[in-house]
Amino acid sequence: MDMQVSFLDRLFESGLLIETGVEGLYGRSGRFEDVIAAFERLIDRYGAADGAEAIRFPPGMNRAFFEKSGYMKSFPQLAGTVHSFCGCELDHVSLLKCMDEGNDWTAEQKATDIVLTPAACYPLYPTVAKRGNLPEAGGLYDLQSYCFRHEPSNDPARQQLFRMREYVRMGTQADVTEFRQTWMDRGVKMMAEVELPVEIDVANDPFFGRAGKMLANNQRDQNLKFELLIPITSVAKPTACMSFNYHQDAFGTKWGLNLADGAVAHTACVGFGLERIALALFHHHGLDTEAWPASVRAALWG
Ligand code: ATP
Ligand code: ZN
Ligand code: MG
C-alpha cells in the first residue's frame, strides 16, 4: 500500500516547520524565515512609491479597543484572550495544589488588559482616530503583526499564530476602492513573478452562527471581500494567501475616523498571509530553495 505522506509531515521532516505538540503552532527554520523575509522585500518594492507610514504593533492589543471593535459579535470562536494569575500567596498555594492534582488551574486566571491581535489592522484604527482628522490625502499605513486565531487544524496553511502583512488605506470611497484594485493587480503580478498559480474570487469572513450567515451573504453580494487563492494542500479548495477588504464607512463611523473636511472616512485593507505564501512557494517549487527556478530565486533574492 502506498502511504501518502502529507505536506505537513514533509515540512516537519525537512525541518522547515517544527512541531510543538499543538496543531497550528509551529517553529520555523532559518530557511523558512529567509523565504518570508525575501517575500516581504518584494512587497516593499511594490509598495515603495506609495509612501505608506510603517507602524509595528506587538501581537497583543488593548482589550478595550478589541471590545469596541465588535470582534466578539462576529468571530467569538476565533478570539484569544490573555489571562494571568492575579492572586495572593494563599491563592498561589491553591493554584499549585490544583495543578498538582491535575485539575483545571486556568479557571482562576484573570483577564488582563491585553487580547491577542486577530488581524494586523485592528490596533490601527483607534490609534489613527486619536490623532484627529486625517491629512488632506487621507492615510496609508504599512503593518505587520503576528495574529492569533483559534482554528486548530492539521492543514499547515491554517495556523493559530501566523504573520499578516497589511496595507490599510483611509480616504474617500474612490481613494480606498482604487487602492484595493491596485493591490489586487499587484498581487497577481507579484505571484506571477514567483511563478505561483492564482485565482481571485469574491469571499466572505467566517461570521459566527445563524445571524452570521446573513452577514456573510451581504459581504459577498456587495463584493466587500476578495481573496487571492493559491492551491497548497488542495486543488479543489485553494488557500487564501491575500485578502482585499473594503469596509465602506463602517470602521470610519465606529472609530471616528474623519477626512480633512470632516466627512467620515472609508477604509480598505489588503493582507498578505506570510506563512501561507511561503508554504505555497515550498509546495510549488519544492522544499529545497536552492533548487527553485532561477527566475523565482531572482525575484526573491535579486
Ligand atoms: P480563510 O478564508 O482561509 O479562513 P480568512 O479569509 O479568514 O482566511 P483574513 O481574515 O482575510 O483570512 O486574513 C488575511 C490573510 O491572513 C488571509 O488572506 C490569509 O493569507 C492569512 N490567514 C488567515 N487565517 C490564517 C491562518 N489561520 N493561518 C495562516 N494564515 C492565515
Ligand atoms: Zn485588515
Ligand atoms: Mg476567507
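Read the numbers this way: they start at 1 and go in the same order the structure lists the ligands and their atoms.
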Acceptor/donor pairs from residues 249-263 side chains to any protein atom, 3.5 angstrom cut, sequence neighbours excluded:
from   : atom 1 : to     : atom 2 : distance (Å)
Thr253 : OG1    : Asp249 : O      : 2.8
Lys254 : NZ     : Lys68  : O      : 3.3
Asp261 : OD1    : Ala263 : N      : 2.8

Answer side chain, backbone, both or neither: which part of Cys241 comes under 4.0 Å from ligand 1, heavy atoms only. backbone
Would you mind telling me if ligand 1 is within reach of the side chain of Glu275, the backbone, both or neither, using heavy atoms under 4.0 Å? neither
When you measure from the heavy atoms of [X] to every atom of ligand 1, does any distance fall below 4.0 Å?
X      : result
Gln160 : no
Ala119 : no
Ser153 : no

Which of these, [options], has its nearest heavy atom closest to [atom]?
atom                    : options                        : answer
atom 18 (O) of ligand 1 : Pro238, Ala203, Ser243, Gly24  : Ser243
atom 29 (C) of ligand 1 : Ala280, Ala157, Pro206         : Ala157
atom 25 (C) of ligand 1 : Arg276, Arg158, Lys237, Arg149 : Arg276

N/O to N/O below 3.5 Å, does that happen between [X] and ligand 1?
X      : result
Ala240 : yes
Gly273 : yes
Glu151 : yes

How does the hydrophobic cluster around Leu25 look, that is, which other residues are in it when side-chain heavy atoms under 4.5 Å mark a link? Val22, Val82, Ile114, Leu116, Tyr146, Phe148, Leu161
Among side-chain atoms of Ser295 and Glu195, is any donor-acceptor pair under 3.5 angstrom? yes
Looking only at side chains, do His83 and Thr81 share a donor and an acceptor under 3.5 Å apart? yes
Please determine whether a side-chain nitrogen of the Lys or Arg among Asp142 and Arg56 lies less than 4.0 Å from a carboxylate oxygen of the Asp or Glu. yes
Looking at Glu23 and Arg158, is there a salt bridge between them, counting it only when a charged N and a carboxylate O are closer than 4.0 Å? no
Could you list which atoms of ligand 1 come closer than 4.0 Å to a heavy atom of Met242? 18 (O)
Closer than 4.0 Å to some heavy atom of Gln159 - which atoms of ligand 1 meet that? 26 (C), 27 (N), 28 (N), 29 (C)
Which atom name would you report as the N, O or S atom of Glu166 nearest the Zn ion (ligand 2)? OE1
Taking the six-membered ring for Trp and the single ring otherwise, decide whether the centroids of Tyr122 and Tyr71 are under 6.0 Å apart. yes
Are Phe207 and Phe75 close enough that their ring centres sit under 6.0 Å apart? yes
Distance-only, no hydrogens or angles: does the Arg149 side chain make a donor-acceptor pair with backbone N or O of Pro118 under 3.5 Å? yes
